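Throughout, numbering of the chain's residues begins at 1 and tracks the sequence. These numbers come from a predicted model, not from an experiment.
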Amino acid sequence: LANGTQAGPYADVIFATPASVTAGLVRSERPQLAFILDQYTYTCSYASLHTHWPLLERFRTVRPGGHLPTGVQYFYEADQDGGMLHLSGLIGRVFGSSDELPYLTVSDSAVIVPNSTCLQRFKWCHHYFTMWEIMMTHRLLKYVNNIDGLHMAGDYVKGVGHNDAMRAGVNAACHVGFSVPVSDASAPPLFSELVKLEANHSRMKDP
């Protein structure tokens with residue numbers, strides 16, 4: 001690991017990590033696999049809780065007394081200086097509070113909200129939905145997955161989205177010894193059936 005800690009050896013390892021992270025972990029031992037995983041490019045968004053009023057100042061000035069329009073929760077605006085798009089709003093109003101603070105801004109750049117006014121920032125990344133990535137998934141990746149005890153789990157392994165992510169996880173679990181789908185009465189029937197179908201498919205065909 002990054003801090004020097006070593007674990008193992010293990011007969012099987014599941015990488016439930018983004019393709020870019022997995023590529024960095026396997027590059028020295030599996031350069032061909034790392035090359036394929038490098039084809040999945042990621043974009044990131046930032047959600048910031050903050051008190052940086054200039055982001056909402058344009059909307060504040062349209063109301064007497066400097067208050068933002070009553071009943072409005074979200075505002076979409078392009079930053080005129082930096083050209084950055086952002087979606088900003090009054091997160092308190094979503095939960096029934098009349099308090100304007102804190103503001104919530106979602107943007108493709110962290111710098112749009114200064115650190116000095118940022119209360120909390122969350123970063124979320126996802127790979128692009130391109131035909132090139134889909135081709136990698138269905139024409140190349142499936143032939144190098146589940147080999148020599150290395151298994152990948154993520155939506156990019158099967159396609160795109162939550163259902164494909166779950167299918168990839170079940171597929172990896174089946175390859176390390178999972179054989180009978182877990183029965184959970186609290187799970188919706190559609191979810192349970194999807195797990196069963198993928199488990200049966202994994203046993204019959206690889207991947």
Problem - H127 and F129: CA distance, side-chain angles, deciding distance, ring pair (Phe, Tyr, Trp, His ring centres under 6.0 Å) verdict - result: CA-CA 7 Å; H127 61 88; F129 306 135; 5.8 Å; yes
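Distance check, rounded to the nearest 0.5 Å: OG1 of T117 to CG of L119 gives 7.5 Å. To the nearest 0.5 Å, atom CG of residue L104 and atom OG of residue S88 are 7.5 Å apart. In this structure, CG on L141 lies 9.5 Å from CE on M136, to the nearest 0.5 angstrom.
Sparse packing is recorded around CZ of F35, with 12 or fewer heavy atoms of other residues, nucleotides or ligands lying under 6.0 Å away.
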Report, one line per pair, each donor and acceptor closer than 3.5 Å where one atom sits in a side chain of residues 10-18; sequence neighbours left out.
from : atom 1 : to   : atom 2 : distance (Å)
D12  : OD1    : H151 : NE2    : 2.7
T17  : OG1    : T22  : OG1    : 2.5

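Side chain of R121 to main chain of A110: a donor-acceptor pair is present (N/O by atom type, distance under 3.5 Å, no hydrogens or angles). Looking only at distances, no side-chain donor or acceptor of T137 sits under 3.5 Å from a matching main-chain atom of G159. The closest donor-acceptor contact from the side chain of Y46 to the backbone of T105 lies at 3.5 Å or more, if one exists at all. Between the side chain of D164 and the main chain of V160, a donor-acceptor pair closer than 3.5 Å is present.
Counting heavy atoms from C-beta on, the side chains of L150 and V26 come closer than 4.5 Å. Contact annotation: the side chain of M152 approaches that of L37 to within less than 4.5 Å [non-hydrogen atoms, C-beta and beyond].
For residues 30-41, the salt bridge (charged side-chain N to carboxylate O under 4.0 Å, His left out) pairs, not counting sequence neighbours, are R27-D38.
With a 4.5 Å cut-off between side-chain heavy atoms of Ile, Leu, Val, Met, Phe, Trp and Tyr, the cluster of F122 takes in none.
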